[in-house]
Number of protein chains: 2
Amino acid sequence: MTAMQHSWPETLRDCGLRVTRQRLAVLDAVAEHPHQPAEAIHAEVARRLPEITVQSVYTVLHDLTAHQLLRRFDPPGSAACYETRTHDNHHHAICTQCGRIEDVDCVHGEAPCLEAPAGLGMEVEVADVVFRGICRNCAAQNAGEHKAAQPV
Amino acid sequence: MTAMQHSWPETLRDCGLRVTRQRLAVLDAVAEHPHQPAEAIHAEVARRLPEITVQSVYTVLHDLTAHQLLRRFDPPGSAACYETRTHDNHHHAICTQCGRIEDVDCVHGEAPCLEAPAGLGMEVEVADVVFRGICRNCAAQNAGEHKAAQPV
DNA sequence: CGCAAATTATGAGTAATTCATAATTAGGGC
DNA sequence: GCCCTAATTATGAATTACTCATAATTTGCG
């Protein structure tokens with residue numbers, strides 16, 4: 001779980017990227033709290049690096065995503081979020097009530113994990129799956145609200 | 001192909017919605033050109049209904065989507081688009097180069113079409129699949145550009 | 001240590017969408 | 001067919017999530 005395949009500085013240099021405090025802080029923040037949008041990442045990073053701007057966080061996220069150090073995920077209807085699991089073609093489950101995102105391991109492991117249907121006018125490279133439903137927390141809360149009555 | 005399961009006015013009324021020119025025009029536009037963003041739908045609708053505003057198109061799209069007369073699809077990285085196929089749990093294929101979207105029939109037909117992995121802290125209701133790749137057009141174009149000059 | 005290229009900060013700008021409120025319209029009742 | 005009220009649409013402003021241009025700073029090689 002807490003395994004570190006490589007140190008961030010090393011990984012950055014391997015991609016031909018310079019090692020900066022900003023990038024390290026963003027990588028740490030995303031690793032520790034995956035599936036957070038840029039604003040939240042900025043808030044977290046700013047606790048260590050108060051001078052960092054949101055725009056820089058956007059730039060860093062963009063660059064690191066382009067170099068596959070981060071993976072970007074666009075939940076339908078809300079801001080993009082980021083994660084450090086980049087090379088395992090995993091999928092996502094979203095709670096339609098609270099928006100919480102969970103990783104879902106891909107059974108195949110390699111992209112594309114689903115066969116593209118024949119006759120499609122497209123050479124399929126990746127298949128992304130998004131599961132949607134109600135998470136345990138929300139389900140429990142909903143059940144509880146049956147007896148309690150709580151106006152928002 | 002050109003089968004009309006119901007007339008739009010009837011379908012609207014069945015949902016308890018009023019029949020308005022704006023709604024009919026949006027439904028027709030989306031039916032004829034699926035996977036278009038709100039701006040494009042507005043442009044098309046405005047040819048028949050020049051006084052309609054973009055904001056009204058947004059409102060109409062929102063209401064019709066809420067009542068399942070339309071389905072909204074969020075392509076990662078670009079504007080939401082809409083379609084009239086709402087109850088068949090079909091999926092989508094996106095060309096990563098030109099952005100063109102194609103429908104992909106679901107083999108199962110019913111949601112969820114994929115089994116949720118055991119141990120997931122979520123009651124899965126739907127599984128949406130997005131295939132990404134290069135469409136025939138773009139592939140052909142790319143092949144042609146090999147002989148022509150192509151500096152990045 | 002110093003320089004050039006890469007990176008970050010600053011500030012403005014944009015696209016897609018939402019919100020509040022006023023004007024209009026659809027459709028049931030008379 | 002006409003009225004009335006609730007539903008819908010128009011108008012205009014505001015917001016969110018970014019992107020872009022440019023100036024200041026910093027990294028890492030020599």
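Quick note: numbers below take in every heavy atom, side chains included, and nothing from hydrogens, waters or symmetry partners. Below, chain A is the first sequence line, B the second, and so on; all start at residue 1. Please read these numbers as outputs of a predicted model, since none were measured by experiment.
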Trainee: Quick one: OH on B:Y82 to CG on B:L64, what's the gap to the nearest 0.5 Å?
Mentor: 10.0 Å

Trainee: Starting at the 5' end of DNA chain C, which residue's closest nucleotide do you reach first, B:A80 or A:V60?
Mentor: A:V60

Trainee: Going through the checks in order, is the side-chain contact (heavy atoms from CB on, under 4.5 Å) test met by A:L27 and A:T11?
Mentor: CA-CA 11 Å; A:L27 284 165; A:T11 315; over 6 Å; no

Trainee: In whole Å, what is the span from the CG atom of A:D63 to the C1' atom of C:dT8?
Mentor: 10 Å

Trainee: CG of B:D74 versus P of D:dC18: gap in Å, rounded?
Mentor: 12 Å

Trainee: For a 4.5 angstrom cut-off between non-hydrogen side-chain atoms, does A:T84 reach A:P34?
Mentor: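 Sidechains of A:P34 and A:T84: no contact.
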
Trainee: Mind calculating the distance between NE2 (A:H67) and C1' (C:dT7) to the nearest angstrom?
Mentor: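 Atom-to-atom, A:H67 to C:dT7, this comes out as 12 Å.
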
Trainee: Quick one: B:H62 NE2 to C:dA20 C1', roughly how many Å, whole number?
Mentor: 15 Å

Trainee: Give a yes/no on whether any side-chain N or O of B:T53 is located under 4.0 angstrom from OP1 or OP2 of D:dT9.
Mentor: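 The answer is no; no side-chain N or O of B:T53 sits under 4.0 Å from OP1 or OP2.
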
Trainee: Return the 5'-most residue of the pair B:S78, A:G16 with respect to DNA chain C, ranking by each residue's nearest nucleotide.
Mentor: A:G16

Trainee: Where the side chain of A:Y58 is defined as all heavy atoms beyond and including C-beta, which of C:dA9, D:dA17, C:dA16 is the nearest nucleotide?
Mentor: D:dA17

Trainee: Measure from CD1 on B:I41 to C1' on C:dT17 and round the result to the nearest Å.
Mentor: 13 Å

Trainee: What is the per-nucleotide protein-contact pattern of nucleotides 23-30 of chain D, from the 5' end, where B denotes a base atom under 4.0 Å from a protein heavy atom, S denotes such proximity for sugar-phosphate atoms only, and - denotes neither?
Mentor: ----BS--

Trainee: In whole Å, I'd like the distance from the CD atom of B:Q55 to the P atom of C:dC19.
Mentor: 13 Å

Trainee: Could you point out which residue of A:D28, A:T59, A:L69, A:V60 forms a side chain to side chain contact (heavy atoms under 4.5 Å, CB included) with A:R23?
Mentor: A:V60

Trainee: Rounded to whole Å, please give me the gap between CG in A:L49 and P in C:dT7.
Mentor: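 These atoms are roughly 16 Å apart.
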
Trainee: Taking atom types as modelled, is there a side-chain donor on A:H35 or A:D103 under 3.5 Å from an acceptor on the other?
Mentor: yes

Trainee: B:H92 vs B:F73 aromatic rings, parallel, tilted or perpendicular, using cut-offs 30° and 60°?
Mentor: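 Rings of B:H92 and B:F73: parallel, as their planes differ by under 30°.
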
Trainee: State whether B:Q22 places a side-chain N or O below 4.0 Å from either non-bridging phosphate oxygen (OP1 or OP2) of D:dA10.
Mentor: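 B:Q22 to D:dA10 OP1/OP2: side-chain N or O found under 4.0 Å.
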
Trainee: In terms of side-chain geometry, is the basic nitrogen of A:E123 or B:R132 positioned less than 4.0 Å from the acidic oxygen of its partner?
Mentor: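 Salt bridge: no.
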
